[in-house]
Amino acid sequence: MPLRNYVSYNAMLSGYLRNAEFSLARNLFDRMPKDLFSWNLMLSGYVRNRRLRDARVLFDSMPQKDVVSWNAMLSGYVRSGHVDEAREVFDKMPHKNSISWNGLLAAYVRSGRLEEGSLLFESKSDWELISWNCLMGGYVKRSMLGDARLLFDQMPIRDVVSWNTMISGYAQDGDLSQARRLFEESPVRDVFTWTAMVCAYVQNGMLDEARRVFNEMPQRREMSYNAMIAGYVQYKRMDMARELFEEMPFPNIGSWNIMISCYCQEGDVAQARNLFDRMPQRDSVSWAAIIAGYAQNGHYEEAMNMLVEMKRDGEGLNRSTLCCALSTCAHIAALELGKQVHGQVVKTGYENGCLVGNALVGMYCKCGCIDEAYEVFQGIQRKDIVSWNTMLSGYARHGFGRLALTVFESMITAGVKPDEITMVGVLSACSHNGLTDRGTEYFHSMDKDYGVKPNSNHYTCTVDLLGRAGRLEEAQNLIRNMPFEPDVATWGALLGASRIHGNMELSEKAAEMIFKMEPHNSGMYVLLSNLYAASGRWVDVSKIRLKMREVGVQKTPGYSWVEVHNKIHTFTVGDCFHPEKRRIYAFLEELDLEMKQEGYVPSTKLVLHDVEEEEKKHMLKYHSEKIAVAFGILTIPAGRPIRVMKNLRVCEDCHNAIKHISKIVGRLIILRDSHRFHHFSEGICSCGDYW
DNA sequence: GTAGGGTTAG
């Protein structure tokens, strides 16, 4: 056995680390003779692969540290956005070099904490050019062009990056004339400079001008093509985008990614998938784009499958793929899976960042765990508008209107300016909780107080708000005085309200408007036909059904699902495919008897079809949500809540029945329907029977 | 440090 020295051990260690063979590397590391270089190797291996906890443990146990070790630990925190930890390390460092200073500045800039960044910048005068550019880039990203320009003018020396950053800042801001001026003034131009000008014209909708600059460029790189393609995409010129893409001699991953994500946005996932499969190489962006594409177009199973594929392909989870994974879990309410992803998130240390944090909050909200959502929300260090909106509308959907409004007030106190989505959350919180006057006040003052002009969503919420409270006349007035044409959703809100309050005439009027606009909207046919059925107008019911057949619309089938032991069980009305159906139906019979003793009376008027009374009861008994609830009770361990999801709104009879069931079996039942959450416990529902 | 993705409502 030849004698090995530090150098050969270190070479071997670095080989393992390069290939991300952590267990092999660690094994070797623990047994080999180590010098400081070995420790630093292992440490930076962990840092590069985002294994922050391992890195920290190693760092703390190091027998000695040099500036490289400190910088490695610092950069671990910088990369993962743990700014406060980065600061702590920075403050403790016995010696700092320019890498340390640049690192901390970058941490502030990247996480958008520009105030602190500029304070740090002012505390020292001999900054390197790269730091000037970094801070200026931070201002540009936040559209703080005045501050960026101030810095630009003060710089002792400028390089081509400085010029490019400023020019592309103006370009992105749509300030074509400033961009143009700097472009003329700039002593040097490279591909970035020219590409920034392409962007400047694109931002102003001047595609032909952009193309002219593109054609004039002395040299082109992939990114120049990509900017032009992105421009075409932005203005829905898919044909031109595709043409240029096909012309590219060597499209890079970015080019493919743009094409994929824009096909996804157009709803053409098949085309996107086609490109995805043809790509010579993929990166995390490609995976994120295709997974999000599936998720956003409602193909949740495909999205989940692709996530599995991705891991098999060796692509690690990063912020964006974790995000996609969480939002997919949220859509299908796969709580167990979501929790597993949460575990991954904790390992990588993204939990307290905005992007992944927001996705986690959304996942817990949509899976019915509002308390867990709030916990994560509180842990997000720098909450952005999305964090606030997610939490606010989460509370609103769960029927905790006052909590939602408390979040809203804290948001205002924190100095975050509400946007359109915030106000939808506020109005729907009021609507779900019968806070009618408060809601209308918000509606009328939102433009004045927060500078948010009511859009059709806000009108719809307010029509809903007034309508539910029975103020149908006011709701109609609101529609009449809208500054734009009411859309299907607005009429839908009026229809829903007039249905609750039994105003047949108004219902028919609203339905007629909807049919005119969207002859294929199946939900509206069903709503109206339910309405007729409820008042025994069977002739009209059959007319509707005839019409449905004429225009070829089909009722969206209702289904419910429940997650048990990591598996999703889906049920349809009168489901007879589930392997445990005998057990479930026997249990339902049992429950039915007990419910009746408790005073439950089936509300048969809600059954759509004209059948005999006894048979109607039978049909109600086997609605998908009841089956799912029964299955949940049978299989989910006592003490744990039962979480059931439904794709449509819960029917009145089921709502009533589940209230009784929650009391009989003494369990918390959380039902998510297409509209909101219902927490059933001890015979009461959190919605207060107002939904 | 100067493309491309990902999170929020109805």
Side-chain angles (χ1 to χ4, degrees), chain A residues 102 105-106 109-110 128-138 140-141 159-169 171-172 190-193 195-196 198-199 221-230 233 252-262 264 283-293 295-296 318-327 330 353-363 365-366 380 384-394 396-397 419-429 455-461 464 487-490 492-493 674-675:
Chain A
N102 292 341
L105 182 70
V109 169
R110 272 193 233 167
E128 292 190 358
L129 178 58
I130 199 174
S131 302
W132 285 88
N133 286 342
C134 170
L135 184 58
M136 186 169 66
V140 161
K141 211 162 237 159
D159 66 356
V160 67
V161 175
S162 330
W163 285 94
N164 291 345
T165 305
M166 206 59 234
I167 294 174
S168 67
Q172 278 157 25
D190 64 3
V191 204
F192 285 93
T193 332
T195 307
V198 173
C199 294
R221 262 207 256 158
E222 291 82 3
M223 57 169 289
S224 335
Y225 280 94
N226 292 352
M228 195 64 235
I229 292 176
V233 166
N252 64 9
I253 293 192
S255 331
W256 289 90
N257 289 348
I258 298 174
M259 295 303 296
I260 289 173
S261 71
C262 76
C264 288
D283 66 1
S284 62
V285 178
S286 336
W287 284 103
I290 193 77
I291 293 168
Q296 280 157 8
N318 60 22
R319 270 153 70 206
S320 64
T321 44
L322 283 168
C323 236
C324 292
L326 287 168
S327 102
C354 244
L355 192 74
V356 178
N358 294 344
L360 268 173
V361 174
M363 187 275 289
C365 282
K366 289 204 172 128
I380 299 178
D384 66 359
I385 180 94
V386 177
S387 328
W388 291 100
N389 286 351
T390 309
M391 197 62 235
L392 196 162
S393 46
R397 286 189 130 236
D419 67 2
E420 299 186 332
I421 295 177
T422 318
M423 295 318 294
V424 170
V426 168
L427 293 172
S428 70
N455 64 21
S456 78
N457 285 324
H458 302 120
Y459 274 91
T460 302
C461 286
D464 189 65
D487 60 13
V488 171
T490 313
S674 61
H675 218 64

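Both backbone and side-chain heavy atoms feed into the values below; hydrogens, waters and symmetry mates do not.
The listed nucleotides are dG10(B), dT7(B), dA3(B); the one nearest the side chain of N457(A) is dG10(B). If you check dA3(B), dG4(B), dT7(B) against the side chain of A359(A), the one that comes closest is dT7(B). Side-chain atoms of R397(A) lie closest to dG10(B) of the nucleotides dG4(B), dG10(B), dG6(B). Out of dG4(B), dT7(B), dG5(B), the shortest distance to the side chain of A288(A) is found at dG5(B). Considering only the side chain of N226(A), dA3(B) comes nearest among dG10(B), dG4(B), dA3(B). Listed nucleotides: dG6(B), dG4(B), dT8(B). Nearest to the side chain of N389(A): dT8(B). Comparing atom distances between the F192(A) side chain and each of dT2(B), dG4(B), dT8(B) picks out dT2(B) as nearest.
T193(A) is linked by a side chain to side chain donor-acceptor pair (under 3.5 Å) to N164(A), D190(A), counting only residues two or more places apart in sequence or in another chain. In this structure, the ring pair (Phe, Tyr, Trp, His ring centres under 6.0 Å) partners of Y459(A), at least two apart in sequence or on a different chain, are F443(A), F484(A).
A donor atom on one side chain and an acceptor atom on the other are found under 3.5 Å apart for N358(A) and D384(A).
Contacts of D159(A) with the nucleic acid, taken as non-hydrogen atoms under 4.0 Å apart, include base atoms. Within the nucleic acid shown, L355(A) comes within 4.0 Å of at least one base atom, counting heavy atoms only. Within the 4.0 angstrom heavy-atom criterion, no nucleotide atom of any strand lies near E128(A). Counting non-hydrogen atoms under 4.0 angstrom, D283(A) reaches a base of the nucleic acid.
OP1 or OP2 of dA9(B) lies within a sub-4.0 Å distance of a side-chain N or O belonging to K366(A). Taking 4.0 angstrom as the limit, Q172(A) places none of its side-chain polar atoms (N or O) nearer than this to OP1 or OP2 of dT2(B).
For dG4(B), the base has no donor-acceptor partner in the side chain of N252(A) [N/O atoms by modelled type, under 3.5 angstrom].
Of the residues in residues 161-169 of chain A, V161(A), N164(A) come within less than 4.0 Å of DNA chain B through at least one heavy atom, sorted by number.
Of all non-hydrogen atoms in E222(A) and N252(A), the two that sit nearest each other are CB-ND2, 3.2 Å.
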